[in-house]
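First up is the structure itself, then whatever we jot down about it.
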Amino acid sequence: MPLTAYSSLFCFFHATRLFFTLHFKKNLVYNLFCGEDMEKIVEVKGLRKKYGHFEALKGIDITLYKGEIFGFLGPNGAGKTTTVEILEGLRKPGEGEITFFSEKISGAIPPYVKEKIGVVLQETRFLDHLKVKEIFELFAAFFKNAKSPEEITKMVQIEEKADDYTDNLSGGQRQRLAIATALVNDPEIIFLDEPTVGLDPQSRESVWELIKMLKKAGKTIFLTTHYMEEAQALCDRISIIDRGKIIVSDTPKNLIKNYGGKSEIDFRCDHIPSQSIIDDLNLHVGTIDDHFRIETDNITKTLEELVEWSKKFNLNITDISLVEPTLEDVFLSLTGRGLRD
Amino acid sequence: MKAFWKFFKLHLLSDVRNRRSIFWVVIFPVLLLALLILAFSNLGTNGALNFRIILINETGTSGFDFSNRIVDIVKSMSFPSKNAVFTLTEMNPNQEDSAIKKVLYSDADILIVIPKDFDSSIARSVLLSKLGMNFSPATLDAFYVPNRASSSLAEGMIEGLAGKINAFFAGTLGQKISSVVVKDQILGGIMTSPSYTDFVTPGILVIAPFTTGLLLVAPKLSFLRSNRVMRRYSSTPMNPASFFFGFTFSRVAIMVIQYIGLALFAVFVMQASVDVFSLDAFFYYLFSCAVYTAIGFAVGVAVSSAVAVSALSSVINLPLEFLAGIYFPLFNLPWYIKIFVYANPLWYAVNAMREFLRVSQSPSPMWMNIFIPALWFIISMSFALTKRAAERK
């Protein structure tokens, strides 16, 4: 084959790769093309953990790639906290292999790894009667290379609160401070454990913005959450754990597509059509009181058919809504129970 | 080291800025000291119903039985007689050293020794007095600890007993003379009988850091654990020893401030004449601070909720405080209460502090004053560290 052909193939491959990198990061194709080349930050293989006779983790595998937001979902008692606490260095692992930054770790997470990770625990509290800047001073003292308090307060937009006592901060401000303390050491990976629990919608939105900003800054984020909309809005990939095992891992979009079930169109007409008219729609139509519900894989096509049908029988569609499957449905279909059960 | 200093400084700041902590830790002990002194400084030392007496009769067979009469009188005033004021233990002359130790270390209130020449001295004094000549009365040796209320009261009882004996001789021999006198043998060094101010000051110097151990260590630790602050610290590369020592030393610093404040208040305001500048006392105080901090650690680790910590602290604090002889002297206690007293680190601490502050002789040996609190330290710290390690598995 002539050299130009090789060059063309080479250019084609890299152009395609660049295209997918820029535009289809969440797509499976991205992983197919780029997955192997992405820098693995954390790799967990066959992790097991026992508490007495109870096996909390039954051999789980997790991979975190640089710069992604990885969502870790699961109901209470599934093994989520144990996994996260092992990775945060709060618990010793049982069997299995943990690799941080291409280095295999044996036993508990060592201090030099902790130098590169940031941790935000659920509903973080601080010592009372201390100022925000003093909290930073304390956390800065834990690390060899710490950023200046000014730099971090500015980054998380609480610089005007630096001289305030932590007791006087609102829930949202306190959570921003918690995230800020996790950034003191300029970590490569940040573990966020239920970062928006107990926050009002406005504060939650502001924490989401902060998380997105951290992703833009190239940080890798390991997020555990109970809020499905949070996982859907923020995560590039998600793993769902149940009874100590990871039952599925994929992008939110693919999880919903593959396991979430069909979308539903819910509508109501100005008068209730006869059964023969409904049958003419040629779709599976369910009824709830005076509402009709159609399950569909192709929303656009079904909507077109619905419009045609209403015109044909001179029906006015008064209410119409679209019910799309969520991660909650994914969990329900995979485990047979809700995430919060 | 950086983390240690930050922990030390910020934990200290956190408490110094907390008005509630300052009240309970600094102001309350001062108020308590003032209140106790104002309320009880005129309190007498009466109240004992029964005294433990050891009697050694050194007299042999001399033909006179005055000494045996005395033994009979003491027996008649002892259990199981009705209205007994003594619990009598008779010992042999060769056991005198052991008897002295018993009095010194609070196992008995007084030791009475009837000397070898007692009978002949009585006979001589009776004879010489009949002849109108001068004579030296016979002596009963009373070994007691004047600074211990029960011992001092027992000595008073023996003085009364000597009066009874003289009255007996007066009745039987028809002579109004003092044939018998009590010769005091003071044990535990010569210290002036303490005022209530002097008595209670070492107790307050013991109870203040103990309360701090329970108030500023246990609840704080419980707060740090239940609110996951400890977990947050553990997720960083800081050495756990930095936290441990930073936190502990910040507590000890508060206790030292307490010592200085209380000591100055006691000496300059309440006019206590105790040796607050004694280095021995200060070093023992520091040792006590370590013990109470360890107890605080154990309580803080044993339970996690604030309510449970408060309840457990009260359960520990009240009996230890009241069975330490801080506010009033302890004597005439039933055996089952004595067990608690002898296991109570505060009792030993109060004893040691009273001796170091030159208030009174310690009723317990000094090695016990160190050993028992040290045992509490070891048990408390072992429990706290083992439980923390188990939590991290």
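Sequence lines set the chain letters: A, B, ... in the order given, protein chains first and strands last, and positions in each chain run from 1. These numbers were taken from a predicted model, which means no experiment stands behind them.
How far CG of B/N18 is from NE2 of A/H129: 3.5 Å, rounded to the nearest 0.5 Å. Here the straight-line distance linking atom NZ of A/K131 with atom CG of B/L13 works out to 9.0 Å at 0.5 Å rounding. To the nearest 0.5 Å, atoms CD1 (A/I109) and OG (B/S235) are separated by 11.5 Å. Summarising the geometry, atom NZ belonging to B/K6 is positioned 8.0 Å from atom CG belonging to A/L138; distances are rounded to the nearest 0.5 Å.
Between B/L10 and A/L130 the shortest heavy-atom distance is O-CD2, 3.6 Å. Of all heavy-atom pairs between A/P111 and B/P237, the closest is O-CB, 3.5 Å. Between A/L90 and B/S234, the closest heavy-atom pair is CD2-CB, 3.4 Å.
Ranked by heavy-atom pairs under 4.5 Å with chain A, the first of B/M238, B/R232, B/R228 is B/R232. Most heavy-atom pairs under 4.5 Å with chain A: of the set B/Y233, B/F4, B/W5, this distinction falls to B/Y233. Ranked by heavy-atom pairs under 4.5 Å with chain B, the first of A/V184, A/N185, A/L121, A/V119 is A/V119.
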Exercise for review: Check the pair A/F142, B/F243 against side chain to side chain contact (heavy atoms under 4.5 Å, CB included), reporting the backbone distance first and the verdict last.
Suggested key: CA-CA 10 Å; A/F142 299 157; B/F243 169 78; over 6 Å; no
Review point. For B/H11 and A/L127, what are the C-alpha separation, side-chain angles and deciding distance, and is it a side chain to side chain contact (heavy atoms under 4.5 Å, CB included)?
Key: CA-CA 8 Å; B/H11 276 289; A/L127 270 182; 3.4 Å; yes
Review point. Can you check salt bridge (charged side-chain N to carboxylate O under 4.0 Å, His left out) on B/K2 and A/E137, steps first, answer last?
Key: CA-CA 10 Å; B/K2 203 167 53 166; A/E137 280 174 29; over 6 Å; no
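Looking at A/A108, neither its backbone nor its side chain comes within 4.5 Å of chain B, counting heavy atoms on both sides. Neither the backbone nor the side chain of A/F191 has a heavy atom closer than 4.5 Å to any heavy atom of chain B. With a threshold of 4.5 angstrom between heavy atoms, A/F126 approaches chain B through N, CA, C or O but not through any side-chain atom.
Contacts between residues 204-227 of chain B and chain A, counted as heavy-atom pairs separated by less than 4.5 Å, involve B/K220, B/F223, B/L224, B/N227.
Under a cut-off of 6.0 angstrom, the local environment of CD in A/E95 is sparse, with at most 12 non-hydrogen atoms contributed by other residues, nucleotides or ligands. Atom NZ of A/K212 sits in a crowded spot, with more than 12 heavy atoms from other residues, nucleotides or ligands closer than 6.0 Å.
At least one donor-acceptor pair under 3.5 Å links the side chain of B/S14 to the backbone N or O of A/D128.
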